[in-house]
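Letters A, B, ... are given to chains in the order of the sequence lines, protein chains preceding strands, and every chain is numbered from 1.
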Amino acid sequence: MTRDRNREMLALIPVALLLTAGFAAVFAQENSKLGNLSLTYGAYFFAVCLATHIYLRIRLPHADPYLFPLMAVLTAFGLVMIYRIDESLARDQANWFVFGLILFALTIQFLRDYEVLERYRYIIATIGILLLLAPRLPGIGEQVNGAYLGVKIGPISFQPAEFAKLAIVVFLASYLRENREVLIVGARRVLGVTLPPIKHFGPMLVVWGATMLLLVFIRDLGSSLMFFAAFLALLYVATGRFSFVVIGMALFLLGSWFIVSTVPHVHDRVEVWLHPYHDPTESGYQILQSIFAQADGGLFGKGFGQGLITIPGHPNNALLPAAQTDTIYSLIVNELGLFGACGLIATYLLITARGFKVALLANDGFSKLLATGLTAVFAIQAFVIIGGVTRVIPLTGVTLPFVSYGGSSIVANFVLLALLLLVSDRARREAEEGASRAERGEPLGALT
Amino acid sequence: MNRQIIKLFGFIVVLFAILIGFTSWWSVFDAKALKEQNVNKRPLFEQQQIPRGRILAADGTVIAKSIPKGKGTGKRYVRHYPTGALFGHPIGYSFMEQGQTEFEQYHNAELTGEESEFGSILGELTGQKQEGEQIVTSLDPKAQEVAMGDLEAAGYGAVVAIDPSTGAVKVLASNPGYNPNRIPDKLKEWNQQKVRTPLYNRATQASFPPGSTFKVVTAAAGLESGVITPETTINAPGSITDEGHELANDYNQDWGSISLDTALTNSVNTWFAQLGQKVGQDDLFATMEKFGFNSKPPIDLPEEELSKSGVYDYESGTYLGRNDPVDLARVAIGQERLLATPLQIAMVAAAVANGGKLMKPQIWKRVVNVDGGVTKKMDPTVYSEPISGKTAEELTTAMEGVVDEGTGTNAAISGVPVAGKTGTAETPNNKECGGGEAENQAWFMGFAPADHPKIAIAATVSCTEQFGGDVAAPIFRDVAEAILAGE
């Protein structure tokens, strides 16, 4: 529908302006003079977004008009922040952005009938699990800060968990679509608690076990939490049983408590979270510096490009460790203040709202669950990392979607966006067709 | 499923609200406490990025300035002190790793431009960078140079010179001094030094037995309480017995019945000891406290770097008050456990010089912002009124006698009437001096011109075998001349 697409195009203009203004601010800070380079960057970014928009106009005319501009806002924001940290990283990120859009277009091109995913759900689940375990494989696995999150094959290194989250959500959406009735109908009340039938309890336990195994293997509380929370969110939406969520939560807490007390690295992460001042210069350094950076931001922040990332005079000593990835949110609070942070969180909330809107409009169970799962995993990922750097939960190495530096993250999230738009396009097209048929007095049943 | 999706959205709204809650807590509500955390070095690093304001002497000489180093985000400012060791005290230093001391620390807010919160928020909104303000002091480099030169020649010691009518501090010298530019390399070494400690400000942190300079305070208490008038005579024998011990005059000289002028001019111990007993502990301590004893001096230096003056009990580590048992006769002549900082003695001289009104001593004169506008000016304020104008006049007359014909003739300036008082306290086994037997703490305090005082000065020399009139009075004279020449 062209009206939607016009809205999308109009929404992209402020994005390009934001990017231009952001680059201009960084330039002004670094060189004390304004070149026209910022304008070039803005124009380049706008051109790429416009091309994507035209592609969407042709391929998915009915898709939600706000999702792409909202994600472009985040990308623009991330690019400016990364540019401000390190020019060469921003160039990489810009390349990944273009590559992400290519994969985005390819996904839309070849997965128009995304139900095909249901047919391969066990293959997809296996790929997902393998991706998650890959960082532990000798030769290609990479350990960062004690957690196994990266894989390095030749010159290319990536974070398989970013792609695994898509696979797991697709699998869960498909599995729950098929089994949701049984899970609801077969449920029994035992001691006032609704329990799923024993037969179907198995898969739940399997997911739980897989999560726990994941925690032991990759030693990353954040990713484990993200996967399990996405699973519980989907389970809840599919069955409508809140008790399942409570049981799942209890199982997760019990399991992770056990693992925290036995696996040293995970234990350390929790210790640092609870008592950061015990070792302020070593293990507690990152979280404390993250919080100190926020304290310095105040309401309005210090301004783009004005925050300290390294110790002055010692460019190799980080004052805010992993500013381009883990703690990018702290840098945002430092430079743009609480207001800037609220704007960022509001953007994530708007994306979440649009994502759930897609799920609400979708007509079939798989589409609904897929849109819900993709949106939930996206929102929870944002929560896990922002919660980590604000000491709501232990800090872990998850990226801030579309904002943090990292090719895997941006590419995987663009595929996530493509899937959401695919679901959205079909749902809204069917809704419109339904509406126009109703206007013409045709029976709605003809829809199927 | 739609109902659950909406509920799930509600749950995510709650999660995000928690994130905003925590962010607000760290960035706004708890921010102040976090910035004060010891392990938080960020504020210190950030200060290095602000061009810290210059510190100027009264004549415009640059005492401290900031020099940019590095580029881009690594750019920082490093403090440089063009006058080197001249103003090591009382300006102190400011370096990222070594921290701040003295004037640099006390005036940090102005020097970094953090003065008004409103201004900085406005600055943030308009994108203006924080910049430090410049402080002009009343310090007189020429007189400071004279003071440092004389002190170096004499040994350890300190000189404090105050404009009695405003409290403006013109000289605050302490020897041995140090060159603040060398702090980054030398701080550790200097801190470990046991004798000749250069970082110790002998003018404000050190307190010494004031000796006979304190007789001016005793006389002030006597006149002010009405116990004596300038005409009252007291019999002053060669020695008296006080609390079972002999208290004698120099050479056991018997002065007979004399009045204040003669007693002060010749610094007669037995006369002032008896006056102290007549005045009583209550009135003597009341007068002392009005002059500033038993309190930290009200100068613009960090409180932890200032010492009180008073009767200090080593055993309890406290300054004694009017109800504590003291040997009053010996307190009255500046002995017993009495200790005073050179700043305190200068304050006594300044109060007498200013007709009895003690002005708050202040080093800073005005704060000038980046655009050259004066944002704050030192407003001379009365700290206390220890004595009446009449008492001050009577004391001045007696103190003029000291310089004209008494122990302080070396302080005389040709063509300018000078009022003053010498002091010599015996300090045997002083660790600071290396434990010699014949060590004295020599003093001179006074003001000039006596009829229209422009400057009040206290000069002291430690570890000397000479008397106040021989070693401290000439320092007074030189510094006073330098200041009066610049007027």
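Note: B/K41 NZ to A/T281 OG1 = 10.0 Å, rounded to the nearest 0.5 Å. Rounding to the nearest 0.5 Å places CD of B/Q4 at 10.0 Å from OG1 of A/T372. For the atom pair CD1 of A/I386 and CG of B/L19, the computed distance is 5.5 Å after rounding to the nearest 0.5 Å. To the nearest 0.5 Å, the span separating CG on A/L234 from CE on B/M1 amounts to 10.0 Å. Rounded to the nearest 0.5 angstrom, B/S24 OG and A/L299 CG are separated by 9.0 Å. Atom CG of A/L338 sits about 13.5 Å away from atom CH2 of B/W25, to the nearest 0.5 Å.
Of the atoms belonging to A/Y329, it is side-chain heavy atoms, and not backbone ones, that fall under 4.5 Å from chain B. Of the two parts of A/A346, neither the backbone nor the side chain holds a non-hydrogen atom closer than 4.5 Å to a non-hydrogen atom of chain B. Interface remark: A/Y277 contributes side-chain atoms only to the contact with chain B (heavy atom separation under 4.5 Å). With a threshold of 4.5 angstrom between heavy atoms, A/L369 approaches chain B through side-chain atoms but not through N, CA, C or O.
Closest of all the heavy-atom pairs between B/V39 and A/Q289 is O-NE2, 4.4 Å. The shortest heavy-atom contact between A/R391 and B/F22 is O-CE2, 3.7 Å. When all heavy atoms of A/A295 and B/A31 are compared, the pair lying nearest together is O-CB, 3.4 Å.
Side chain of B/R3 to backbone of A/V237: no donor-acceptor contact under 3.5 angstrom is found. Remark: side-chain polar atoms of B/W26 are not paired, donor with acceptor, to backbone N or O of A/F292 under 3.5 angstrom.
For the options A/A293, A/A359, A/A376, A/G387, heavy-atom pairs under 4.5 Å to chain B are most numerous at A/A293. The candidate from A/T239, A/V333, A/T352 with the greatest count of non-hydrogen atom pairs under 4.5 Å with chain B is A/T352. Ranked by heavy-atom pairs shorter than 4.5 Å toward chain B, the options A/G298, A/G303, A/A233 are led by A/G298.
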Scan the side chains in residues 8-16 of chain B for donor-acceptor partners under 3.5 Å anywhere in the protein, sequence neighbours excluded, and list what turns up.
none

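Around NZ of B/K377, the count of heavy atoms belonging to other residues, nucleotides or ligands within 6.0 Å does not exceed 12. By the 6.0 Å contact criterion, NZ on B/K365 is enclosed, its count of non-hydrogen atoms from other residues, nucleotides or ligands being greater than 12. Shown here is B/E303, whose CD atom has no more than 12 heavy atoms of other residues, nucleotides or ligands within 6.0 Å. Residue-environment remark: NZ (B/K296) exceeds the threshold of 12 foreign heavy atoms within 6.0 Å.
Contacts with chain A (heavy atom to heavy atom, under 4.5 Å) involve no residue of residues 179-192 of chain B.
Residues A/L288 and B/N40 fail the side-chain proximity criterion, which asks for heavy atoms closer than 4.5 Å. When side chains are defined from C-beta on, A/K368 counts as touching B/N2, because their heavy atoms get closer than 4.5 Å. Using a 4.5 Å heavy-atom cutoff, the side chains of A/Q294 and B/L34 are not in contact. At a threshold of 4.5 Å between non-hydrogen side-chain atoms, the residues A/F356 and B/I6 do not count as touching.
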